[in-house]
Amino acid sequence: MIKIKVNLDRYAPASYDICIGSGILDRVGLLIGNGTPATRYIIVSDTTVASLHGEKLKVLLGGMGYDVHLVTFPPGERSKTLGTALAVISSLLELGADRASMLIALGGGVTGDLVAFIASVYMRSVPYVHIPTTLMAQVDSSIGGKTGIDLPEGKNLLGTFYQPRGIFIDLDLLSTLPDEEFRNGLAEVLKYGIIEDLRLFDLLEGSAGEVMARNRAILETIVTSSCTIKKGIVEIDERDTGVRRVLNFGHTVGHAIEAESGYTISHGNAVAAGMVAAVRISEKGGHLLPQDRERIEGLIRTYGLLDRIPASISTDSLMARMTKDKKKKGDAIHFVLLRKPGIPFIHASVKQRIIRDTLEEMHA
Ligand SMILES: NC(=O)c1ccc[n+]([C@@H]2O[C@H](COP(=O)([O-])OP(=O)(O)OC[C@H]3O[C@@H](n4cnc5c(N)ncnc54)[C@H](O)[C@@H]3O)[C@@H](O)[C@H]2O)c1
């Protein structure tokens, strides 16, 4: 088992470990018990993950003498709402959960964001741990303490910063993940390779077959590398006011494509197209060499991720979305651009003409 420590104790005694390996679910009882044991454990999971892995975890923890319960909600982004949060909270109250209880988020990013939000406000906060079950959650959403709830007006408009007591990444759980969800997470892994880790970039380029086959050793390497990068950035900028924004590489255009498609284009595909846009804008602005841009686009294509913008999504609608994005400052659209693979930078005043030309050409 690999352990990565997330050091946040400059602000609060909030440091915790990320444990990565195979068979972690079987050992979770011991790992959780190593910290301050709770009097009651409530696993919260969507119904898909609950039936695949939640019941097993409940039996395992129960067998170790823990007082353990399982609370479920319907799967998918449409559950990341206040309504679901209130339904889970009602169940917690019925079960008698109090501040000596611990929540266990077992699932993908939706479960993580929702459970972390509940943990941060239920009875003025209770501890929680995350067992991420999607690649997206294992490499990205579980780390960093951002919680989130969607509102009808937009995604993640309610949220808090609240750190888990531990993250337990069992690579075996990925074996039941559908291909489309696996690819979703891969887009974030490619992002880390492009903006930060050239060894990861080379591995992704040279071993695509093994990555797609979910080779166990390769999975361990890409998940560990990704967690190390994300935790390193979070340690420097826990509250997302500076360097953490480089993690938005590909996300400015990506979020706009995702929203304009009515969320029919997956987050991973939208971010992939957004990364293509970002490297093209970088090249047009004279920051990135054409051969580096081509190499990055090649990587995205190797993994079968989206590299164009569908004709049904107009440049005007994307421009309008981006100027409304909550990550913009004033009128300027914020872009994370690239000087070279591994060297991203934030550009607050990319010329609108360059953005428009890029989006137009990506419709071709
Ligand atoms: N907090 C953050 O920093 C952060 C960062 C990135 C994304 N997010 C959030 O993460 C969410 C997306 O996360 P996601 O992609 O994991 O989606 P998700 O949690 O909805 O999971 C995707 C689907 O996979 C299923 N699933 C999960 N694990 C499975 C497994 N092991 N086997 C079979 N099926 C499984 C789920 O039931 C669901 O249907 C979004 O809401 C996004 O806003 C948060």
Side-chain angles (χ1 to χ4, degrees), residues 6 24-25 44-57 72-81 84-85 105-120 128 130-151 154-164 167-189 191-192 214 219 223 226-227 229-231 233-234 237-240 244-245 247-251 254-255 258-259 263 265-271 274 326-327:
V6 182
I24 299 276
L25 202 65
V44 186
S45 210
D46 71 39
T47 47
T48 305
V49 176
S51 60
L52 287 167
H53 307 292
E55 295 293 344
K56 176 186 173 194
L57 179 62
T72 62
F73 61 88
E77 186 72 30
R78 66 188 176 284
S79 282
K80 221 176 86 172
T81 60
T84 313
L106 177 71
V110 165
T111 305
D113 280 13
L114 180 75
V115 175
F117 178 77
I118 295 168
S120 73
Y128 83 103
H130 195 173
I131 306 174
T133 62
T134 60
L135 184 60
M136 154 71 86
Q138 295 193 347
V139 300
D140 184 1
S141 65
S142 65
I143 309 154
K146 278 189 187 175
T147 82
I149 293 279
D150 300 338
L151 293 178
K155 275 187 67 169
N156 295 322
L157 291 179
L158 285 185
T160 50
F161 283 96
Y162 190 62
Q163 302 292 342
I167 301 174
F168 305 107
I169 300 182
D170 189 337
L171 300 167
D172 299 343
L173 299 182
L174 297 178
S175 61
T176 56
L177 193 66
D179 278 342
E180 184 56 24
E181 296 300 341
F182 186 71
R183 220 182 282 276
N184 233 344
L186 273 179
E188 302 294 343
V189 177
K191 178 189 79 179
Y192 292 128
R214 307 186 199 185
L219 275 185
V223 171
S226 302
C227 289
I229 294 166
K230 176 124 190 210
K231 83 106 194 181
I233 293 176
V234 166
D237 182 18
E238 189 185 348
R239 295 274 162 159
D240 199 7
R244 191 164 169 178
R245 283 182 294 163
L247 294 173
N248 287 327
F249 179 69
H251 285 61
H255 280 151
E258 201 183 359
Y263 295 93
I265 295 181
S266 70
H267 181 73
N269 271 318
V271 166
K326 68 181 184 306
K327 289 189 179 87

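Both counts, for ligands and for their atoms, begin at 1 and track the order of listing. Because the structure is predicted, anything quoted here is derived from the model rather than measured.
- Interface of Glu77 with ligand 1, defined as ligand atoms under 4.0 Å from a residue heavy atom, comprises 40 (C), 41 (O).
- Listed by number with element, the atoms of ligand 1 under 4.0 angstrom from any heavy atom of Pro178 are 33 (C), 34 (N).
- Proximity of atom 25 (C) of ligand 1 to the protein is not indicated, since no non-hydrogen protein atom lies closer than 4.0 angstrom.
- Lys80 NZ, 3.9 Å is the protein heavy atom nearest to atom 42 (C) of ligand 1.
- Among all non-hydrogen protein atoms, the one lying nearest atom 36 (C) of ligand 1 is Asp46 OD2, 3.3 Å.
- Counting atoms of ligand 1 from 1 in the listed order, those under 4.0 Å from a heavy atom of Asp113 are 1 (N), 2 (C), 8 (N), 9 (C), 43 (O), 44 (C).
- Between Asp150 and Lys155, no side-chain nitrogen of the basic residue sits less than 4.0 Å from a carboxylate oxygen of the acidic one, so the salt-bridge criterion is not met.
- At least one heavy atom of His53 sits closer than 4.0 Å to an atom of ligand 1.
- Residue Ser142 places every heavy atom at 4.0 Å or more from ligand 1.
- Heavy-atom proximity to Leu52, at under 4.0 Å, picks out these atoms of ligand 1: 32 (N), 33 (C).
- Using modelled atom types and a 3.5 Å distance limit, the side chains of Asn156 and Lys80 yield a donor-acceptor pair.
- When only non-hydrogen protein atoms are considered, atom 20 (O) of ligand 1 lies nearest to Val110 CG2, 3.3 Å.
- The option with the heavy atom closest to atom 23 (C) of ligand 1, from among Met136, Glu181, Lys230, is Glu181.
- Here Asn156 has side-chain heavy atoms under 4.0 Å from ligand 1, and that is the only part of it that gets that close.
- Applying the side-chain hydrogen bond (donor to acceptor under 3.5 Å, both in side chains) rule to pairs touching residues 47-56 yields Asp26-Lys56, His53-Thr176, sequence neighbours excluded.
- Counting protein heavy atoms only, atom 33 (C) of ligand 1 is closest to Thr176 O, 3.1 Å.
- Counting protein heavy atoms only, atom 21 (O) of ligand 1 is closest to Thr134 CG2, 3.6 Å.
- Taking each of Pro75, Ala137, Ser141 in turn, the one with a heavy atom nearest to atom 5 (C) of ligand 1 proves to be Ser141.
- Atom 17 (O) of ligand 1 has Gly109 N, 4.0 Å as its closest protein atom, hydrogens excluded (heavy atom only).
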